[in-house]
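Letters A, B, ... are given to chains in the order of the sequence lines, protein chains preceding strands, and every chain is numbered from 1.
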2 protein chains.
Amino acid sequence: MGRTSTAKDRLIDAMIELIWAGSYGSTSVDHICERAGVKKGSFYHFFESKTELALAAIDHGWTEHRKELDQIFSPVVPPVERILNCFRNFRQEQEELFEKHGRVLGCPIHSLGAEVSTVDEKLRDKLQEILSQFIRYYESAIRDAQAQGSIVTHDAMALARIVFAYSEGLLLHARMWNDLGRLDEFESGAKIILGVKG
Amino acid sequence: MGRTSTAKDRLIDAMIELIWAGSYGSTSVDHICERAGVKKGSFYHFFESKTELALAAIDHGWTEHRKELDQIFSPVVPPVERILNCFRNFRQEQEELFEKHGRVLGCPIHSLGAEVSTVDEKLRDKLQEILSQFIRYYESAIRDAQAQGSIVTHDAMALARIVFAYSEGLLLHARMWNDLGRLDEFESGAKIILGVKG
DNA sequence: TGGGAAGTTGACCAGTTGGTTAATTTGAAA
DNA sequence: TTTCAAATTAACCAACTGGTCAACTTCCCA
């Protein structure tokens, strides 16, 4: 019934790219449509509003990213390595983005969160949810590491939050200074926070 | 010669408030003028552009904040206490803002940096400069603490960056979750990072 | 092969954006 | 008391904002 189209996906991809490279405020519906090669009428055929597209884009990005995370945080991998590999993965992703955009883009969830969380509660709730899910990867890895005795014993949730806040701060600084090198600090920083033994 | 006016200061104050409570993108020249009780013509009498006002606002805010920091980081105070007091001061400031706006607003420099650093290089440079200055407070306190033997010995600059990234991550999470309680975690987190003895 | 649901299009909208201008009012200092 | 630089005002601008709509095209499926 009816014809098929890739326009919806193209809009989502364009939204992710533009927000990541710039900001929510700097990304207009016209820009999105232009980048996606879609007319505005079609935009509003697929999405109720700009916010709704952002929601869909965030969801899509997170669903994709989770696939990688599930591999990185596989229980087969030594727990501390999981955390370090996660950030190595970030670094590599940022490198690819740098080659494409000429800029370090950082974490889109956080940049977006900083921008919109006092202004758009739908977006804020979605971003919160994703970050809450994300931190659980750290948390369970930390618990495993503690059980295995490879790091200092501390409240795992608290440690996860510290590592998490630290990593997000680093990503933001990498974006602000447009400097991939900042990301290399994570490894030693995380070891200090986690009290990695040996 | 000519008459005097407080309009310039009112514009700066309005800009700071609006950016902090919302974002750069959500803050229009009309909003600023309305809040400041200034007509748009006057706006452009005092400032060349919106960016230029933002620059002035950031400068002004930082100049004010530095006065507090100079007291907090006085060499008279035990070095680890300086860092903890700095964050206690943040917390208190955030509490006051919360009472006023009903929201945790976090660090305006970082929220703004996340939003504009890929888009407006003048703003980005200014924000970079401020953060670079800020981190020196941490750095010298850490050096003093190490000299005094109250924390573990490590590259002071590296430690300062970790604490700094961590604190900024925390502030951002407090903003996103609208939760002052997040800020209380700093004290134990900072002690873990710094390896505070005793 | 043809009906009809789904996708596409471009013209349109009112409100807002950052920014300009020329005329006018003010008040500090000579 | 005059003077004139500095401050204020309101009207104006083109471009852009997010969003709407009715007409039109496509092409999946029965």
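- OP1 or OP2 of dG19(C) sits under 4.0 Å from a side-chain N or O of Y44(B).
- Side-chain atoms of S49(A) lie closest to dG19(D) of the nucleotides dG19(D), dG18(C), dG18(D).
- Between E139(B) and R161(B), no side-chain nitrogen of the basic residue sits less than 4.0 Å from a carboxylate oxygen of the acidic one, so the salt-bridge criterion is not met.
- For H45(A), taking side-chain heavy atoms from C-beta onward, the closest of the listed nucleotides dT17(C), dG7(C), dA28(C) is dG7(C).
- Considering only side-chain atoms of R3(A), the nucleotide from dT20(D), dG27(C), dG7(C) that sits closest is dG7(C).
- In this structure, S5(A) reaches the dT8(C) phosphate: one of its side-chain N or O atoms is under 4.0 Å from OP1 or OP2.
- Ring geometry for F73(B) versus Y137(B): interplanar angle of 30 to 60°, hence tilted.
- Nearest-nucleotide assignment on DNA chain D puts the 5′-proximal partner with H31(A), out of S42(A) and H31(A).
- Between F134(A) and W62(A), the two ring planes are tilted [angle within 30° to 60°].
- Distances shorter than 4.0 Å separate none of the side-chain N or O atoms of S28(B) from OP1 or OP2 on dT16(C).
- Considering only the side chain of K40(B), dT20(C) comes nearest among dA7(D), dT20(C), dT9(D).
- Note: R10(A) CZ to F46(A) CZ = 8.5 Å, rounded to the nearest 0.5 Å.
- At a threshold of 4.0 angstrom between heavy atoms, the contacts of T27(B) are confined to the sugar-phosphate backbone, with no base atom among them.
- When the nucleotides dG19(C), dT17(C), dA7(D) are ranked by their closest atom to the side chain of F46(B), dA7(D) comes out on top.
- Across dT26(C), dG19(D), dA28(C), the shortest atom-to-atom separation from the side chain of K50(A) is found for dG19(D).
- Ranking dT8(C), dT17(D), dA10(D) by closeness to the K39(B) side chain, first place goes to dA10(D).
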